[in-house]
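Residue numbers begin at 1 in each chain, while the letters A, B, ... track the order of the sequences.
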Amino acid sequence: MRGEIHIGFLYQMMKRSKIKELLKSPPFGKEVLVKGWVRTKRGNRNIAFIALNDGSTINNIQIVVDTASFDDNLLKEISTGACIAVEGMLAESPGKGQNVEIQARKIEIYGKCDAETYPLQKKGHSMEFLREIAHLRFRTNTFGAVFRIRHAMAFAIHKYFNDRGFYYLHTPIITGSDCEGAGEMFHVTTLDLKNVPIDTDGEIDFSNDFFGKETNLTVSGQLEGELGALSLGEIYTFGPTFRAENSNTPRHLAEFWMIEPEMAFYDLNDNMDLAEDFLKYLIAYALENCTEDLQFLNDMIDRDLLGRLRFVLDNEFVRINYTEAVNILTTSGRKWEFPVGFGRDLQAEHERYLVETHFKRPVIITDYPKEIKAFYMKQNDDGRTVRAMDVLFPGIGEIIGGSQREEDYDKLKNRITELKLPEKDLWWYLDTRKFGTAPHSGFGLGFERMILFMTGMSNIRDVIPFPRTPKNAEF
RNA sequence: UCCUCAGUAGCUCAGUCGGUUAGAGCACCUGACUGUUAAUCAGGGGGUCCUAGGUUCAAGUCCUAGCUGGGGAGCCA
């Protein structure tokens with residue numbers, strides 16, 4: 001073989017280029033090899049144009065085929081959705097619409113794609129239809145953009161925290177405590193569901209279950225996250241979370257991802273500062289690193305997307321306490337479907353009014369009545385409110401929920417007793433207040449809700465690859 | 001879970017007052033066209049009208065129940 005030039009050998013050795021690389025500062029005249037999926041093919045008897053996409057960018061590269069040089073049957077098999085490898089010369093494109101094209105010299109078909117049964121077409125599809133073919137929807141421009149942005153945001157989250165000395169802590173997905181207080185949980189068991197053991201009280205006997213006790217999928221990593229923060233200083237979790245609520249809305253999933261930073265020595269103001277800085281960092285990261293995908297979504301999905309992202313980035317969040325929020329709502333002159341008043345939780349219509357009508361920007365509401373918030377939130381001296389904070393975003397509603405945590409052992413224990421929570425399951429949580437307690441704070445960011453905001457998509461089922469919702473666990 | 005709207009070709013939809021053989025655009029197939037840009041032009045094939053009952057001489061159309069999906073609400077991130 002030495003010294004011998006063999007076409008097949010050359011082809012084997014040529015390194016595959018990603019389309020993203022070829023489209024920027026293209027080395028015209030160079031022989032290249034690309035591999036990807038056909039988006040469209042058009043042309044006439046003499047020439048064919050293939051738009052090829054390999055996922056590295058939303059943009060396609062144009063493959064120009066001189067039909068006389070290729071077998072008719074091969075060309076027929078290059079239909080929308082087919083996967084091919086193309087070797088050819090990279091050239092400046094004489095046509096309008098693209099600067100670069102590849103003049104094909106050799107084409108190999110990896111996977112044919114029957115045009116009659118392939119569900120994706122060149123034209124637009126409804127989101128509802130694409131959701132039914134979630135295994136193929138990655139191949140559309142919209143979902144390619146959404147999932148590239150989703151990746152970029154996941155990466156940026158880790159970078160943000162790592163750069164600031166936070167440690168990524170893996171809290172358990174299976175939990176033995178059902179007192180996290182965030183809704184219905186999914187049971188985890190190896191018991192035979194057709195023959196569940198019953199104890200003498202008529203209750204399910206979990207002693208022979210896998211863990212020897214009742215277990216569930218976690219609804220939050222917060223309580224365990226606090227344990228880490230009270231030694232490591234600043235930690236964050238980023239993992240899946242499960243809620244067995246029968247929620248059928250465009251903003252809820254039964255399985256979703258959540259980011260939960262937890263910081264020792266942070267008070268509520270530090271917590272708010274972090275939340276605002278964090279969200280703005282993510283927006284800035286997307287604007288800088290996902291430019292083309294965001295532009296596409298702005299053009300095709302939501303005309304106001306880029307403007308809204310820049311607006312949120314450039315403006316300070318409003319910070320008001322719950323009592324001030326209630327005053328604004330009661331003096332607004334509006335008629336509310338749900339009543340407003342101290343002690344009542346803010347409804348969607350109230351939050352929307354504050355964010356979208358009154359302030360017209362993100363709002364952080366703090367110091368809610370203790371009755372409508374979780375047991376672990378730090379109690380204020382007024383005896384009626386807690387150091388909670390909700391970050392409300394336009395179009396999304398609550399994107400972050402957090403608080404300063406109650407670090408006083410007695411106050412925390414009393415609250416647990418008041419709410420009749422199972423203290424025996426929380427002994428380890430209380431221990432951290434008994435042994436070297438510290439003021440600390442944290443919050444939870446719903447990852448998919450953030451992706452909704454970042455992409456302009458309107459249904460949360462379209463920003464997670466395979467959504468789990470009531471009555472739906474396909475794929 | 002509640003309220004509401006919808007379900008007709010592969011997709012998006014039209015279908016009159018209940019009336020006899022259910023349509024369009026796109027997609028697909030065939031052909032034409034020397035560089036296309038959601039290519040264009042001509043022709044062709046393609047239907048469990050969501051399911052089950054019911055009313056009627058006659059139901060895609062009206063009634064009842066259910067299923068699925070969208071939107072709104074609640075729960076929440």
Looking only at B:C28, B:A77, B:U1, the nucleotide nearest the A:Ala115 side chain is B:C28
query: Would you call A:Asp54 and A:Lys18 a salt bridge, using N to O less than 4.0 angstrom?
result: no
Which of B:G74, B:G35, B:C76 is nearest the side chain of A:Asp345? It is B:C76
Handout entry: Short side-chain N/O contact from A:Arg352 to OP1 or OP2 of B:G72, under 4.0 Å
Key = no
Of B:G35, B:U36, B:C11, the nucleotide closest to the side chain of A:Phe129 is B:C11
Quick note, A:His125 side chain, CB onward, closest among B:U36, B:G69, B:C11 is B:C11
Review point. Contact class for A:Ala348 (heavy atom, under 4.0 Å): base, sugar-phosphate, or nothing?
Key: sugar-phosphate
With the side chain defined as heavy atoms from C-beta on, A:Phe49 is closest, among B:C76, B:C75, B:U36, to B:U36
| field | Basic-acidic side-chain contact under 4.0 Å: A:Lys35, A:Glu108 | value | no
Pairing partner of B:G53, by Watson-Crick or G-U wobble and under 3.5 Å for both distances, is B:C63
Distance, C1' atom - from B:G44 to B:G7, rounded to whole angstrom: 29 Å
In whole angstroms, the gap separating C1' of B:C75 from CD of A:Glu184 amounts to 10 Å
Looking at B:G69, I'd like to know if its phosphate oxygens (OP1 or OP2) sit under 4.0 Å from a side-chain N or O belonging to A:Arg461. no
The side-chain hydrogen bond (donor to acceptor under 3.5 Å, both in side chains) partner of A:Tyr376 among A:Gln222, A:Glu226, A:Glu406 is A:Gln222
Closest non-hydrogen contact found for A:Pro467 with A:Leu253 is CB-CD2, 3.9 Å
Just by distance, do the side chain of A:Glu276 and the backbone of A:Phe317 share a donor-acceptor pair under 3.5 Å? yes
Check A:Asp367 with A:Lys373, please: is the shortest side-chain N to carboxylate O separation under 4.0 Å? no
Smallest heavy-atom separation, A:Asn60 atom then A:Ala51 atom, equals ND2-CB, 3.9 Å
Across the strands shown, which category fits A:Leu253 at heavy-atom distances under 4.0 angstrom: base, sugar-phosphate, nothing?
base
- Task: Verify the ring-centre separation between A:Phe138 and A:Phe143: is it less than 6.0 angstrom?
- Result: no
Which of B:U1, B:G71, B:G74 is nearest the side chain of A:Asn246? It is B:U1
Rounded to whole Å, CD1 of A:Ile259 lies from C1' of B:C76 at a distance of 16 Å
Under a 3.5 Å limit on both distances, the Watson-Crick or wobble mate of B:A24 is B:U12
Exercise. What nucleic acid atoms does A:Ser126 come within less than 4.0 Å of, heavy atoms only: base, sugar-phosphate, or nothing?
Worked result: sugar-phosphate
_Categorize A:Gln62 for me: base, sugar-phosphate, or nothing, with a 4.0 angstrom heavy-atom threshold over every strand shown._
base
How would you label the contact of A:Tyr118 with the nucleic acid (heavy atoms, under 4.0 Å): base, sugar-phosphate, or nothing? nothing
Any A:Gln121 side-chain N or O less than 4.0 Å from OP1/OP2 of B:U12: no
- Task: Look only at the side chain of A:Tyr168 and the backbone of A:Phe238, and say whether a donor-acceptor pair between them is shorter than 3.5 Å.
- Result: yes
What interatomic distance, in whole Å, is found between P of B:C11 and the corresponding atom of B:A27? 15 Å
Picking from B:G70, B:A77, B:C75, the nucleotide nearest the side-chain atoms of A:Phe256 would be B:A77
Does A:Ile396 reach a base, just sugar-phosphate, or nothing at all? Heavy atoms under 4.0 Å. nothing
| field | Side-chain N or O of A:Arg251 closer than 4.0 Å to phosphate OP1/OP2 of B:A73 | value | yes
B:U1 base / A:Asn248 side chain donor-acceptor hit below 3.5 Å: yes
B:G18 -> Watson-Crick or G-U wobble partner, both distances under 3.5 Å, gives none
P atom, B:G60 versus B:A22: distance in rounded Å?
-> 10 Å
Decide, yes or no, whether a salt bridge links A:Glu31 with A:Arg105 under the criterion of side-chain N to carboxylate O below 4.0 Å.
yes
*asked:* Could you tell me how far B:A52 sits from B:U61 if I compare only their P atoms? Round to whole Å.
replied: 13 Å
- Message: Looking at A:Ser247 and B:C76, is any side-chain donor or acceptor paired with a base atom of the opposite kind under 3.5 Å?
- Response: no
5' to 3', nucleotides 41-51 of chain B under a 4.0 Å protein heavy-atom cut-off (B base, S sugar-phosphate only, - none) gives -----------
Could you check whether atom CZ of A:Phe466 has more than 12 heavy atoms from other residues, nucleotides or ligands sitting under 6.0 Å from it? yes
Whichever of A:Asn472 and A:Ile399 has the more 5' nearest nucleotide on RNA chain B, that residue is A:Asn472
Self-check item: Heavy atoms of other groups near A:Asn99 CG, more than 12 under 6.0 Å
Solution: no
Expected list for residues 88-103 of chain A near RNA chain B, using heavy atoms below 4.0 Å, is A:Ser93, A:Pro94, A:Gly95, A:Lys96, A:Gln98, A:Glu101
